[in-house]
Number of protein chains: 2
Amino acid sequence: MAILSEKVLRRLTFYYYILVDWAAQDQTYISSPMLAEMLGVDDSQVRKDLKLLNNNGKNKVGYEVQELKASIEKTLGLKRPKAAFIIGAGNLGAALAKYDNFAHYGLKITALFDNSMAKIKRQINGHQVYHTAQLMTWAHKHPAEIAILTVPASAAQAAADLAIAAGAQYLWNFAPAVIKVPHGIKVWYENIMGDFLSFTAQMPS
Amino acid sequence: MAILSEKVLRRLTFYYYILVDWAAQDQTYISSPMLAEMLGVDDSQVRKDLKLLNNNGKNKVGYEVQELKASIEKTLGLKRPKAAFIIGAGNLGAALAKYDNFAHYGLKITALFDNSMAKIKRQINGHQVYHTAQLMTWAHKHPAEIAILTVPASAAQAAADLAIAAGAQYLWNFAPAVIKVPHGIKVWYENIMGDFLSFTAQMPS
DNA sequence: TAGATTGTTAATCGATTAACAATC
DNA sequence: TAGATTGTTAATCGATTAACAATC
């Protein structure tokens, strides 16, 4: 299968949300114009996207809901287990550690790390919080390919460097900061504050 | 000023993060090749973006850091106060209510609302949690243009309908669900789970 | 001055939309 | 059958990159 663009992947997740809903309501088929209307995109776009996953629709009725759902699950790797540690045990880090839904999507949180002595030794939703100085040793015993960075902007680069040294190859960065990483390391900017700003920038002043 | 595309706005937030950092280090100028390198985009892209804000660079030295920072702050409306209520006082809602940084970006949380009796009457970071049945009355006295939806997917549509009835025109939706809204209402999908899925879909299986 | 940088136009690239024959 | 829908190609649209004269 060809590599899917970020745009396509993002739409796939929206199709998926809708399919989960339709499956729960025992709907058998869904058509491209229906999906298109719900997402606000063109229906030919939907058909193209689904064709990329080698799904075939039926004329007059559309696509089989269960089949399509399974196909997106496979493409997005929902069944593939992935381990991650969290650096930054503040509010956001804790919220993510409490978010049990991650497990449904294949993500397993191994532990949290923080610089603050006040936070270590606590447990959050069954996950232990350790001092960052222990991360290298921990990651050696519990390898994780993903690091979740929920630190302040000023600590983001140091956290990224540490995560990479500990073997993480995918950084999910929630800090409002641009970080520099070696070639081959992937960074996803979960730019919540930035998203908010671009959202509100649409408002009339 | 022309309406800025979502792509441009997103880049502006990244420039902003860098400028905050450079300003803190008392740097006077920054050039487009420097910004481009940090963001991984073309330098002509940077110059185009900055030109959209009517910023003028100086040959040989680049752009004035403080001036550019102020200009982006103005464009993104960081100084314009905006009120929001949160529907869903679970972990994510609580994390957002605790995130004091919002205030720096002009967002004021007025209150939280939840369906669960167990959660109401609590305070989170000084913000009161009320029952959703009280939202209409509350919003009448404390109008807010933004509603932050941090409910489970199954409750997303109902929360959206309620928020709109209460006068919100901008919905910041953290629930993994596609919602239907009347024309004129803006929705921003903060698709954390979806972002994670598109991120990990890049991984080799 | 020489050389780095801006501002801007033209070229390229990729994503979205339109259109329509084929299908059941 | 008639009509809704798929699958796919062509056309359009928008965003990114390349190129370079002008500048200080």
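In this text, all values refer to a predicted model and were calculated from it rather than measured experimentally. Labels below follow one simple rule: chain letters A, B, ... track the order of the sequence lines, proteins then strands, and each chain is numbered from 1.
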K.L.:
Does the plane of the ring in B:Trp138 sit parallel, tilted or perpendicular to the ring in B:Tyr130? Use 30° and 60° as the thresholds.
P.N.:
tilted
K.L.:
Touch check for A:Lys51, heavy atoms < 4.0 angstrom, all strands: base, sugar-phosphate only, or nothing?
P.N.:
sugar-phosphate
K.L.:
Taking CG from A:Asn55 and P from D:dT5, how many angstroms apart are they, rounded to a whole number?
P.N.:
18 Å
K.L.:
Nearest-nucleotide wise, let me know which of A:Tyr63 and B:Gly40 is further upstream toward the 5' end of DNA chain D.
P.N.:
A:Tyr63
K.L.:
How does DNA chain D look in dot-bracket notation if pairs are Watson-Crick or G-U with both distances under 3.5 Å, crossing ones as [ ], other-strand ones as |?
P.N.:
..||||||||||||||||||||||
K.L.:
Examine C:dG7: is either OP1 or OP2 under 4.0 Å from a nitrogen or oxygen in the side chain of B:Asn56? Give yes or no.
P.N.:
yes
K.L.:
If you assign each of A:Asp42 and B:Gly57 to its closest nucleotide in DNA chain C, which residue comes earlier from the 5' end?
P.N.:
B:Gly57
K.L.:
Within the pair A:Arg11 and C:dT16, is there a side-chain N or O less than 4.0 Å away from OP1 or OP2?
P.N.:
yes
K.L.:
If you take any heavy atom closer than 4.0 Å to DNA chain C, which residues from residues 43-50 of chain B end up in contact?
P.N.:
B:Ser44, B:Arg47, B:Lys48
K.L.:
Can you say whether the rings of A:Trp172 and B:Phe199 are parallel (under 30°), tilted (30 to 60°) or perpendicular (over 60°)?
P.N.:
tilted
K.L.:
Are B:Tyr99 and B:Phe102 an aromatic pair, judged by ring center distance below 6.0 Å?
P.N.:
yes
K.L.:
By nearest atom, which of the nucleotides D:dC24, C:dA22, C:dT17 is closest to the A:Val41 side chain?
P.N.:
C:dT17
K.L.:
What residues from residues 14-34 of chain B pass a heavy-atom cutoff of under 4.0 Å to DNA chain C?
P.N.:
B:Ser31, B:Ser32, B:Pro33
K.L.:
Would you say that more than 12 heavy atoms from the other residues, nucleotides or ligands in this model lie under 6.0 Å from the NZ of A:Lys82, or not?
P.N.:
yes
